[in-house]
Every structure is written in structure tokens, then in C-alpha cells.
4 protein chains.
Amino acid sequence: MPGNILGENFKIVSFGESHGKCVGVIIEGCPAGLRVDLKKIQKEVDKRKPGQSVLTTQRKEKDKVEILSGIFNGITTGAPICLIVFNKDVDSSKYEIIKETPRPGHSDLTAFFKYKGFNDWRGGGRFSGRITLSYVMAGAIAKEILKKIKIEILAYTIQIGRIKAGKIINYKDIKANKEKTLVKCPDLKSAKRMENLILRMKKQGDSVGGIIECLVLNAPIGLGEPVFNSLESELSKAIFSIPAIKGIEFGAGFNAVKLKGSENNDQFFSRNGKIFTKTNNSGGILGGISNGMPIVFRVAVKPTPSIAKSQKTINLKTKKETFLRIEGRHDPCIVPRAVPVVESLSAIVLADLAISGGFIPRVLK
Amino acid sequence: MPGNILGENFKIVSFGESHGKCVGVIIEGCPAGLRVDLKKIQKEVDKRKPGQSVLTTQRKEKDKVEILSGIFNGITTGAPICLIVFNKDVDSSKYEIIKETPRPGHSDLTAFFKYKGFNDWRGGGRFSGRITLSYVMAGAIAKEILKKIKIEILAYTIQIGRIKAGKIINYKDIKANKEKTLVKCPDLKSAKRMENLILRMKKQGDSVGGIIECLVLNAPIGLGEPVFNSLESELSKAIFSIPAIKGIEFGAGFNAVKLKGSENNDQFFSRNGKIFTKTNNSGGILGGISNGMPIVFRVAVKPTPSIAKSQKTINLKTKKETFLRIEGRHDPCIVPRAVPVVESLSAIVLADLAISGGFIPRVLK
Amino acid sequence: MPGNILGENFKIVSFGESHGKCVGVIIEGCPAGLRVDLKKIQKEVDKRKPGQSVLTTQRKEKDKVEILSGIFNGITTGAPICLIVFNKDVDSSKYEIIKETPRPGHSDLTAFFKYKGFNDWRGGGRFSGRITLSYVMAGAIAKEILKKIKIEILAYTIQIGRIKAGKIINYKDIKANKEKTLVKCPDLKSAKRMENLILRMKKQGDSVGGIIECLVLNAPIGLGEPVFNSLESELSKAIFSIPAIKGIEFGAGFNAVKLKGSENNDQFFSRNGKIFTKTNNSGGILGGISNGMPIVFRVAVKPTPSIAKSQKTINLKTKKETFLRIEGRHDPCIVPRAVPVVESLSAIVLADLAISGGFIPRVLK
Amino acid sequence: MPGNILGENFKIVSFGESHGKCVGVIIEGCPAGLRVDLKKIQKEVDKRKPGQSVLTTQRKEKDKVEILSGIFNGITTGAPICLIVFNKDVDSSKYEIIKETPRPGHSDLTAFFKYKGFNDWRGGGRFSGRITLSYVMAGAIAKEILKKIKIEILAYTIQIGRIKAGKIINYKDIKANKEKTLVKCPDLKSAKRMENLILRMKKQGDSVGGIIECLVLNAPIGLGEPVFNSLESELSKAIFSIPAIKGIEFGAGFNAVKLKGSENNDQFFSRNGKIFTKTNNSGGILGGISNGMPIVFRVAVKPTPSIAKSQKTINLKTKKETFLRIEGRHDPCIVPRAVPVVESLSAIVLADLAISGGFIPRVLK
């Protein structure tokens with residue numbers, strides 16, 4: 001259980017470090033016969049790229065994806081696929097300090113103790129948000145697989161700090177609008193306010209968190225392997241491998257607590273021989289298995305722990321208390337860049353469950 | 001990925017059905033040399049037993065645990081441990097109806113489609129809350145393992161419907177008081193109000209949900225295997241294998257969204273050479289690894305879907321809409337009985353991480 | 001990696017001890033919709049039953065199989081199947097001695113050191129040949145799955161001591177004759193000589209080994225997942241979980257070493273649009289994948305280590321050398337009873353590969 | 001179960017193709033704190049390099065190893081280690097023909113059917129012996145881990161065709177002599193005859209196989225996790241992932257069949273408080289667990305299937321029989337280059353078992 005492999009019949013193996021040579025991923029179990037367009041992978045990767053806008057870190061990385069194996073003549077072969085990005089704009093000078101004075105809210109302290117100081121601390125090393133780049137590369141492939149059974153995944157920001165997006169129910173609008181905004185929020189008005197909030201935080205040397213909602217459309221009935229590989233189990237496990245995520249809820253989630261059973265139960269209807277529910281408090285999941293309604297979940301993203309303000313910490317050598325001012329290059333709000341990561345991990349989980357459940361064959365035509 | 005195995009170096013395999021012959025569990029990877037007292041296992045199992053009080057289902061099960069393998073002279077041998085409870089009070093007559101008319105909010109529909117009607121529908125079969133009995137048996141063993149490194153786990157109710165428990169910070173009080181109440185809430189005053197709410201719901205033929213908080217005390221620094229087997233990943237995966245759970249949050253959780261980084265970060269202090277934080281917004285987890293502070297998480301339990309009120313559903317044969325009144329025997333609120341299940345799964349996950357991380361040897365003395 | 005689980009998409013979990021309450025198995029991932037006849041399972045189990053003939057141990061066990069879960073109305077449900085045999089004729093008195101004086105050729109010494117004396121030593125505990133009963137129960141289910149794609153498995157004795165069976169090439173004869181003999185050898189003449197050899201060894205208080213050949217007929221092209229889950233990898237891994245197996249070879253095996261490439265290569269022919277080879281030196285496996293020809297392998301079974309003759313050993317407490325005379329009840333040759341075990345494990349491996357490879361659906365009709 | 005991952009707590013993930021961009025490996029679970037010398041890895045890789053001598057393929061590859069992740073300042077960090085060799089001397093022109101006319105004795109046919117023609121056929125793609133380069137890179141790391149507990153692994157040729165090495169019992173001689181010969185046989189006289197045989201086969205456009213013996217010295221008592229992860233199970237599974245291996249035997253192996261129990265049992269002795277056996281028919285393994293004696297096994301390597309002689313095959317498009325003359329660049333005997341591969345996989349398996357069994361900590365000092 002060393003921690004860098006996710007999935008069973010569609011597996012990803014993440015490797016690389018923030019300031020090492022590369023960030024890469026192996027995809028094992030990808031069906032043979034899938035046409036792969038490097039441009040599409042690059043497009044997904046570009047969505048989480050640093051330096052995109054005034055809201056994101058100024059680290060300059062082209063994040064150019066290279067295919068090292070598993071694809072021949074533009075088509076998957078059934079062999080493991082290796083995708084890689086070589087790091088270019090590495091500047092570890094600002095991180096020397098964290099070797100001894102761990103950043104509050106970060107993994108510096110726990111990594112130091114777990115690996116007895118052998119961990120690569122440069123830029124957070126293996127604990128950096130940059131590692132999610134490996135998820136996005138693999139997610140791009142997973143999305144192509146899911147397209148074969150019409151599954152579409154859509155994540156977007158619904159809250160930054162205390163600013164909530166207005167109710168949005170039209171999927172087309174979500175899709176059309178979210179990419180128009182820097183914060184990936186489909187409610188354009190709220191998006192503007194969210195941007196301003198983030199810029200304000202940046203100016204203060206502080207940071208802010210938010211909530212991302214994710215929709216999975218057209219999932220067939222039957223995805224999920226209860227009891228321990230339920231849809232909620234697999235999605236939550238994957239999502240919590242994104243740094244900064246501190247909560248997840250499906251359907252009505254924590255709000256279901258306040259409802260009576262008679263209010264929370266989604267009653268069944270039928271239309272044109274298809275079964276559906278008018279409400280979707282279950283988030284499209286019953287007994288850990290997709291029920292044919294949209295799968296819906298929300299994740300809480302904490303404010304970026306890297307802030308410019310002075311914070312109390314301890315010196316690991318002297319064991320004495322001290323103060324730390326983090327310099328480096330950081331996102332004042334990680335939510336917008338986490339949006340494509342949530343989509344990617346969801347795609348990876350669903351591809352695994354779809355393959356395991358027999359919804360997708362080992363060789364595509 | 002057929003779904004009935006949890007863990008890696010300390011694994012549990014759940015088997016059995018609600019109205020079948022038994023509910024059982026295999027524990028694989030339990031260190032040899034652990035003294036096991038059947039009475040302690042029974043005591044844990046009794047905490048989730050049906051028929052305990054006016055608040056729970058009236059199904060009468062003694063839930064008498066038997067040891068079938070892996071323990072010799074009261075001590076674990078290193079071989080797989082099989083623990084089993086034979087079902088006694090099985091009455092499937094009330095369930096005939098759900099074969100054709102799936103209960104809203106339940107797995108009946110999805111199980112029917114996934115297994116093409118071959119699933120054991122009696123009492124919900126493999127999807128019943130009764131399956132959590134297997135988790136509690138295994139959890140009792142896991143707790144004994146964790147005691148060897150002083151880890152203690154404490155779950156308790158903090159909300160039923162809209163009734164919230166008052167703030168409780170003293171661990172001793174939590175431990176002392178929670179078992180005094182039928183709802184497992186350590187705030188005795190709120191507990192009484194919660195009980196009344198549940199009884200009211202019962203009378204109405206309706207149900208209610210709630211929130212359980214779980215504390216893990218004395219966890220050493222270093223539990224968790226990022227990126228994909230982080231502490232949050234493993235705990236959430238396990239917890240979502242409990243039916244009715246729809247959300248989980250760690251530390252400040254969804255509330256962290258409203259805080260600035262400077263407010264949410266837990267700054268480090270040192271006392272007597274030990275590092276700690278005054279706040280615990282991280283819930284004791286940094287970078288997916290325990291940081292030595294108490295691990296804290298909360299889970300949202302939806303209102304029991306089985307209610308006496310008439311609900312709309314469809315007939316799976318005729319595909320026509322119809323109405324369903326569920327009879328059977330059900331809990332108007334599953335929260336109190338879910339409390340020991342949350343503890344058990346947490347213990348299982350932590351035992352696995354502790355063994356994988358080298359905190360517990362393969363043979364205990 | 002605690003060692004009691006085999007397989008991925010069709011998994012078995014073995015539990016129980018030789019002189020404990022039971023020997024059992026969980027089967028996870030068995031397709032739903034498979035009709036299971038308890039009599040067929042019992043029939044398979046009876047083939048390896050002790051006390052069958054003058055050649056086998058005189059321990060008297062009915063080995064009556066019970067179904068504890070996963071089968072409803074005689075059909076698999078998709079839930080984990082638990083099959084169990086409760087031990088009846090347990091007499092551990094003769095084994096007290098091995099606690100301190102390990103039997104040469106047995107696991108007593110290694111188990112003692114690995115588990116620091118906590119292992120259940122009665123009758124060899126978890127290391128007894130009796131554990132293979134769990135493989136046979138699961139194998140009976142696996143064979144039913146394989147029947148759906150016409151795969152048939154046939155193991156039989158081809159050598160006992162230095163006595164070799166004559167060349168047999170007709171599958172029908174193998175099938176018809178092997179069960180007519182106590183040694184499971186389809187060459188009736190050699191079988192008689194083998195029986196006599198075993199009886200002679202028994203009289204001498206000694207034992208003898210042999211070779212089992214296994215044929216898999218009608219396997220489709222495509223079973224096996226190179227590089228690490230090749231057909232040879234998976235079969236050998238499973239087969240070496242039978243106590244007393246010390247070698248395995250596929251097709252021409254060790255004899256291939258003496259051939260030139262031009263002799264060993266099986267050249268391709270076609271007949272009625274089907275590709276085949278006249279020779280089968282590859283044992284039906286190319287590149288770790290079945291090629292449509294019969295899969296053939298042979299396994300070497302060492303002489304039973306439990307013999308009546310006095311042997312040198314050491315006393316674990318005093319660390320002094322001493323002599324041991326094993327009493328208990330033992331098979332003078334384990335080969336005949338290992339034959340159904342080889343078939344069973346082969347069936348389990350092939351079912352797993354067939355399900356993983358998409359040759360068998362998750363739900364059978 | 002897509003087939004490219006081996007191990008549990010020390011895992012390797014193999015990727016890359018013979019004529020693709022690279023051959024690589026990820027090592028997951030390597031303890032942190034291990035000093036890694038790239039030169040040592042290179043040295044191991046050089047042992048299996050093509051073009052070494054007149055006996056090997058003339059493909060010219062420098063096989064220069066690069067470290068992409070997991071090592072910082074020359075020391076492992078606990079993060080996944082990626083090692084890679086970029087292919088240089090790729091010439092696929094000679095392989096065009098095998099797309100349609102599969103080579104007898106090769107994976108061409110089975111790969112074509114399994115992946116419906118999408119497999120990368122160039123140079124055998126994923127089925128090439130070149131993939132074992134990934135095992136050797138990982139094996140070099142595994143050997144360094146094993147050194148920490150003094151385990152040493154030594155493989156060498158004991159037979160080529162019908163030419164057998166004389167009996168060799170002195171480990172020092174084996175070590176000293178094997179590398180002096182082109183065939184890796186420590187019996188220098190036999191080695192010369194073996195070389196001549198291989199050269200004769202080369203001249204004839206034919207090939208020859210052989211037997212490799214492998215010794216593991218200084219293994220502690222207790223490696224192996226019965227029943228399914230026994231030492232024999234794990235070693236055999238790994239070894240059969242080398243192309244061309246068709247048999248494996250431990251200790252007396254197939255020869256044990258001819259012995260009586262009283263001859264085959266290794267009786268126990270003690271010397272200076274240490275338990276040992278004079279004979280080692282068990283190959284150092286009792287009950288699937290190492291017993292402190294040297295672990296010994298032998299593997300049968302078939303003659304290289306790629307030969308210059310004309311062979312019968314079929315055309316996959318026309319389904320008609322045809323003849324094939326393989327050109328390309330091949331080894332007339334793969335045995336010498338398989339020797340370091342056997343060592344490497346053994347090291348990988350033992351490192352996994354040693355870590356899983358608690359013999360090696362998660363962080364080395």
C-alpha cells in the first residue's frame with residue numbers, strides 16, 4: 001500500500017515531483033483500440049496549467065505532454081500508457097526554508113516525520129498540487145473511454161469564500177459558461193464577484209477556499225461495486241487525493257440530515273419506459289450503485305495554506321517556535337485549477353467501474 | 001473489483017445477507033499474538049444490535065458472535081480470522097412486494113438492474129444495514145490492535161434532524177455520557193430532545209437523519225499513504241460503505257470554505273518537545289498524513305428510506321407507476337446504530353494504515 | 001499481502017485449520033445467475049476426501065459442504081459465496097510432540113519462527129493439506145463457470161516414484177479411466193503398479209511422490225494478461241499453494257532445453273478456418289496467452305514428509321538434536337488426492353482470467 | 001488485472017515497448033533512505049545488454065539508464081521511482097512481415113487475437129525480451145534493499161542444450177567464475193563447450209535453450225506468506241513473466257518424485273545454536289516459507305523461437321498456410337542474457353516479501 005496507484009481494472013500510477021525532472025502517469029488497463037489525440041490531452045492539461053491568469057501562481061510551465069508508451073499509430077494497444085510532462089520552470093530557492101520550518105496547513109511537517117527527512121521537500125515535492133497534473137493526463141484518456149458510452153463529466157465552481165453561485169440547472173449553460181470565467185463558475189455574475197474576492201485576498205497576502213460541484217451525465221444504471229467499492233467510496237477515495245480537499249457530499253449531502261425520509265426519498269416515475277426520479281437527493285446513487293439519474297457531488301476546497309502573511313511555526317532542528325513568511329509562487333485560491341482535477345479523477349473512477357462492471361470491452365472497435 | 005474486500009495489509013472480507021443464513025467476516029493480516037476476548041467482540045456487536053430500545057427496529061436478533069478460525073487458545077495465530085453471526089429472526093414475508101416495486105431511496109432498483117434480478121432481495125439482502133454487523137465484528141479486533149499503540153476511537157451523535165448537540169470538548173465526558181443516551185449523544189440535554197424527535201417521526205411513519213462525529217485519539221504522526229491512500233481517502237472510502245451515508249468532512253470541512261488561509265491554517269507550537277497546533281481545522285491530517293493531533297471527521301446520515309408512508313414507485317414488470325407502503329421492521333433513525341459502525345470502520349482503516357506504515361509488527365508479544 | 005486471497009476479478013479467500021472448527025472459502029466475483037448444485041460441489045470434494053481407500057489417510061471426515069451465503073434459490077446472486085466444511089474427526093493428541101520437535105520436510109519449523117509460536121500447530125494447522133479442501137470447493141464453482149464457455153479441465157497421475165504411465169493421447173480414455181483407479185492414472189496397467197508401490201511404501205513406514213499432468217481443453221485464444229499475469233504466472237502461483245508441489249512445467253517444459261528451436265517451435269497450420277499446431281511444445285501458451293490448443297502442464301509432488309520412520313530433528317526449546325517418530329494419520333502418497341486439487345486451482349485461475357479478459361459476463365443468463 | 005504490476009508492498013510497474021520510445025519501470029514502495037548509485041543500476045543493466053558478444057543479438061543499444069523520479073540527492077525519498085531507458089537502435093523494417101504471418105513459438109498470433117490487431121507488433125512490442133530490461137532496472141534497486149539484510153542472489157547457467165555444467169558447490173567459485181564466461185556458467189570447461197554449441201546453432205540458423213539455477217543466500221527464516229503468497233508461488237509467478245521460461249523447480253524439484261520420503265526429507269541439525277539441514281532437497285523452503293538454508297531453484301529456458309530457418313505459418317488475412325523466414329536480429333540462445341533477469345525478478349520478489357514480512361523498515365537509516 002505505498003499509495004501511488006488508483007483503480008483496479010483501469011489503474012493509474014502517479015509519479016514525479018514538483019521540482020524534480022517530471023510529473024508522469026502510467027495508465028494500465030486502458031482498452032485497446034481507443035483513438036487518442038494528443039491535442040485533446042494537452043487541452044485538458046492546459047485547463048489546470050499554472051500562470052493562466054491573474055488568479056493563479058506565476059510559475060511558468062508549458063506543461064507539454066509527451067506520450068512515452070502504449071499508443072501506436074494514434075491508437076491504444078492494450079499496453080500500459082505512459083504520459084509525461086518534464087518540469088521546466090523550477091526554482092527551489094524559496095523552499096530551502098521549509099526544510100526546517102514547516103509551513104502551517106501543509107504536508108511539510110508530516111512528510112518530514114514519515115520519511116525521516118528523506119522526502120523531496122523542493123516545492124512540496126510529492127505533496128505539491130502539481131502532482132494533480134498526472135491525474136489530469138490520465139483523466140483525459142478516461143474521458144475518451146467514457147465517451148464511448150456517452151458519459152460526460154462536468155465540474156464547476158459553486159462557491160468561493162462566502163460567495164455562492166446562483167442556482168443553475170441547465171447543463172448546456174453550465175458547459176457554455178464555466179469556461180468563460182476565470183473561476184470556472186457558470187453563473188457569470190457571481191463569477192465576477194468571486195474573482196474580485198480572490199484578487200482581494202491576493203493583495204492581502206491571504207487566500208480563500210470554495211466549493212466545486214461535479215455532475216456526471218448519462219451514467220447507465222449499475223456502476224459501483226458495493227459494499228466497499230460503492231460509487232461514493234470510489235469517488236471519495238479518489239477526490240481526497242487532491243491536496244486541499246476537506247469534504248465531499250453526494251446529492252442532498254449534509255442537507256439531507258434536516259429532511260424527513262418522506263422528503264428526502266426520491267420517488268420513482270416512468271416516462272417512455274425509462275425510470276427516473278423528479279428530485280435527485282440521492283445524487284444519482286442508490287445502494288452505492290448509479291441509478292440512471294445524474295450523479296452529483298460537491299467538494300470543499302480549503303483556502304490555500306501557502307500565504308504571504310507571517311505565521312507561527314517551529315524549527316525542526318532547534319524545536320523552538322519561530323515565524324515563517326512563505327515566499328515562492330502560489331495560487332491565492334486553488335479552486336479554479338482544482339475544477340479540471342475533480343473532473344479527471346471522476347472520469348478515472350468511472351472508467352474503472354465501467355470496465356470492471358462490463359460496460360466497456362477490453363478492446364474497442 | 002467485486003467489492004467485498006477492504007484494506008491491504010489488514011484486510012476484511014464481508015459476506016452474508018440480511019435474511020440468509022448468516023452475516024460474517026474474514027479478517028486477513030491480523031498480527032499473530034493478539035489476545036482476543038470474545039466478550040469484547042460481543043460487547044461491540046451489542047452496541048449496534050437491533051431491538052435495543054424504542055428507537056430501533058423490533059427485529060429480534062441476539063447477534064451471538066462465533067469464532068470459526070484464526071484464533072487458538074484465545075490468541076490470534078496469523079491465520080485468517082472468521083467471525084460469524086447466524087441469523088435467527090428472519091421474516092421475509094413483508095419483502096415479497098419489493099421484488100417488483102422498488103422502495104424509493106433504497107438499493108432495490110439498482111440491485112435489480114445490476115444483477116438482472118438474481119440478487120437476494122429478502123430484507124435488502126446484501127444491501128441491508130445488517131451487513132454492517134460484519135464491519136463491527138472486524139472493528140472489535142482492529143480496536144484491540146490499535147490499543148497496542150494507544151489509539152482510541154470515539155464516535156458520537158452531534159445532530160439529529162435540525163437538533164444539534166452543544167459544543168463538547170472534554171473527551172472524558174464524551175466517553176462517559178454517550179452510552180448513557182439512546183441516541184449516543186454526549187450532550188445529555190440535546191440527547192433527550194433528539195430522542196423525542198425520533199419518536200415523533202416513528203409515530204408519523206416517517207424518519208430522520210443526523211450527523212455523527214468521530215475522534216481518533218493518540219494517532220502517531222505518519223499514518224496515511226499519499227497520494228491515493230491518504231488518511232482522508234481511506235477513511236472516506238470505508239465510511240461510504242455504510243448504507244445511508246451521504247457526506248463526510250474532515251476538521252473544519254465545508255466550513256473551511258468560509259475562512260481565509262490565515263484563519264484556517266493551524267499554526268505550530270511546541271510544548272515539552274512535542275509539536276502541536278492550538279486550532280485543529282485540518283482534523284489532524286496534513287498532506288493526507290496524521291499530524292499527531294486528534295483526527296476528527298463528521299459524517300452525514302440520511303433519514304432511513306424505509307418509511308410507513310405511502311410513496312410513489314414503479315412496478316418493474318408492468319413498468320407502470322404504483323404506490324408502495326413499506327411494512328417490515330425498520331429504524332425511524334439509523335444514526336444511533338451507525339455510531340458503532342463508524343467507529344469500527346475507522347478502526348479497521350487505522351489498523352491497516354498502522355500495519356502498512358510499520359507502526360505495528362506482524363507478531364505481537 | 002497476508003497470503004490467503006487468490007485472484008482478482010474472481011477471487012477466493014481461504015480460511016480454517018486442519019484441527020480447528022472448519023475449513024472454508026469465500027468466492028468473490030462469481031457472476032450472478034449461475035445455477036449451483038450442491039451435489040456437484042460435494043462430488044468434487046469427495047474426490048479429495050480422506051479415508052477413501054487403502055492408499056489414503058484413515059482420518060474419517062464426511063467433508064459435508066454447506067453453503068452459508070451468496071446463493072439464493074440455487075442460483076448465485078453476485079454476492080460473496082461462502083462454502084464451509086465443519087471438521088469432525090479431529091484428534092490432535094498425536095501432534096503435541098511437533099510443538100517442540102518440528103517434523104523434517106514440514107512447515108512446523110518455519111511456522112514456529114514466523115509466528116513466534118502462536119501458529120495453530122494441531123495437525124499442521126493452516127499448513128495442512130486439509131486446507132486444499134477450500135480450493136476444491138471454490139474450484140467446483142469455477143468449473144461451472146468455465147462450462148459456460150466449454151472449457152474442461154482434466155488432471156491425472158502420470159508418475160508415482162519411478163513408475164511412469166504409458167503415453168495416453170485420447171482425452172475420452174483419460175476421462176473414462178482415471179476415476180477407475182485409486183491413483184487417478186488413466187493407464188490402467190501402470191495404475192496397478194503404482195498402487196502396489198504405494199502400499200509397499202506404507203508398509204515400510206515410508207512415502208513416495210509423483211507427477212500430475214493437467215489438461216485444459218477448449219480454452220479460447222486470449223486468456224492470460226502479460227507480462228506479470230501470464231497464464232504460466234497465474235497457474236504456477238496457484239499450483240504452488242498446494243503443499244508438497246516442488247516443480248511445474250508447461251508443454252515440453254524442461255525437455256524443451258534439449259531441443260533446437262526448429263524442433264521446439266510449433267508451426268502453424270489451418271483447418272476449416274481454424275489455426276492450430278501439430279505439435280504442442282508450447283503447452284497451448286504463447287507469450288503468456290492461450291493459443292487455442294490444449295493447455296498442458298505437469299507438476300512434481302514430493303513424497304509425503306510425514307513418515308513413520310525415525311528421523312533426526314531438534315527440540316525447539318532445548319535446541320538439542322533429537323529423534324522423531326511421527327504417528328498421526330497420513331497418506332503414504334499424496335498424489336491421488338492432489339489430482340482434484342490441481343484441477344480446482346486451474347479452474348479458479350482460468351475463471352479469473354476468463355472474467356478479467358471479458359470472456360464471461362458479470363451476469364449469466 | 002491488466003498485467004503490468006508485480007508485488008504488493010514493493011511493487012514494480014513495467015512499461016514501454018521494444019521498438020517504441022522507451023522501456024521503463026516504476027518502483028513503488030521502495031523504502032526511503034536507500035542510497036542509490038546510478039552506476040550500480042547501469043552495471044546490472046549492462047549484464048543483459050544486447051550486442052555484448054558473438055553469442056547475442058547484434059542490436060546496438062547502449063541501454064543508458066535515467067532516473068526520472070523518486071531519488072533526491074542520491075537517496076530514495078519514499079516516492080515512486082521511475083527508471084527509464086530510451087530506445088535508440090530501432091529498426092522495425094524486418095518486422096513488417098510478422099503483422100500478417102505470425103512467428104511460430106512467438107506471441108504474434110495470440111497478441112493479434114487478444115488485442116484484435118491493435119498491439120504494437122514492432123519487434124514483438126510489449127512481448128519482446130527487451131521488456132525484461134525493466135525488470136533488471138528494478139532488480140538493481142531490490143538488490144540494494146536486500147543487501148541491508150545481507151541477502152545475496154546468484155543465478156548462473158547450468159545447462160545449454162544437452163551440455164550440463166559439472167557439480168559446483170562453492171559459492172565463491174560460482175560468483176568468481178560465472179562472469180568470466182560468455183554463457184554465465186561457473187564451470188569454465190563446460191562453459192566453453194556451451195559457447196561452441198551456441199555458435200554452431202547460430203551458423204545453422206537455429207537456436208538452443210538451457211537451464212538457469214538461482215541461489216538466494218542468507219535469507220532469514222520467515223519469508224513467504226502462505227497459502228497463496230508462498231515463496232514458491234511468488235517466485236514462480238515472477239519468473240514466468242520472462243519470455244521463453246517453460247518450467248521451474250525448487251530444491252530437488254522433479255527429481256524428488258523418485259525419492260522416498262525418508263530420502264527426500266531434510267533432517268534437522270543444530271550447530272552453534274543455529275538450525276540447519278545437511279541436504280537441501282526442499283530448496284530452502286518449507287511450507288512456502290524460507291527456512292534459513294539457501295533458496296535454490298532452476299528454470300527451463302526454451303530455445304529462442306526466432307530462427308533463420310524457414311517455418312510453416314499462416315497468413316492472418318488470407319487464412320492460408322505459408323512459409324516464414326525470420327530476419328531481424330536475434331540471440332541464438334537467450335539463456336546468458338536471461339541470467340541477470342532471473343536474479344532481478346528474484347530480488348524483486350524477495351524485497352517485496354521482506355518488506356511485507358517486516359524484515360525491512362519503511363525508512364532505512
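Keep in mind that the numbers below use all heavy atoms, side chains included, and drop hydrogens, waters and symmetry copies. Below, read A as the first sequence line, B as the second, and so on, with proteins coming before strands; counting in each chain starts at 1.
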Could A/Arg103 and A/Asp108 be called an ion pair, given the rule that one side-chain N must be under 4.0 Å from one carboxylate O?
-> yes
Is it the side chain or the backbone of A/Glu28 that comes within 4.5 Å of chain D heavy atoms, both, or neither?
-> both
Quick one: which of A/Gly20, A/Gly70, A/Gly78 has the most heavy-atom pairs under 4.5 Å with chain D, could you say?
-> A/Gly70
Can you tell if the side chain of D/Ile151 reaches within under 4.5 Å of the side chain of D/Lys143, non-hydrogen atoms only?
-> no
Tell me, for A/Leu68 versus chain D, whether the close heavy atoms (under 4.5 Å) come from the side chain, the backbone, both or neither.
-> both
Is chain A contacted by the side chain of D/Thr76, its backbone, both, or neither, given a heavy-atom distance below 4.5 Å?
-> backbone
Pick one of side chain, backbone, both or neither for A/Ile5, based on which atoms fall under 4.5 Å of a heavy atom in chain D.
-> both
Residue, of A/Val363, A/Asp120, A/Ile71, that accumulates the most heavy atom pairs under 4.5 Å with chain D = A/Asp120
Chain D interface, residue from A/Ile75, A/Ile26, A/Ile84, A/Ile81 that has the most non-hydrogen pairs under 4.5 Å = A/Ile26
D/Asn119 and A/Thr77: side chain donor to acceptor below 3.5 Å = no
Salt bridge D/Glu61-D/Arg130, side-chain N to carboxylate O under 4.0 Å | yes
Measure the acute angle between the ring planes of A/Tyr115 and A/Phe127, then classify it against the limits of 30° and 60° as parallel, tilted or perpendicular.
-> tilted
Using non-hydrogen atoms only, which part of A/Leu364 is less than 4.5 Å away from chain D: side chain, backbone, both, or neither?
-> backbone
Between A/Leu109 and A/Leu316, which heavy-atom pair has the shortest distance, and what is it?
-> CD1-CD2, 3.9 Å
Flag side-chain contact, heavy atom, 4.5 Å: D/Phe10 against D/Ile348 = yes
Does any heavy atom of chain D fall under 4.5 Å from the side chain of A/Phe118, the backbone, both, or neither of them?
-> both
Winner by heavy-atom pair count (cut-off under 4.5 Å) against chain D, out of A/Arg362, A/Glu17, A/Glu66 | A/Glu17
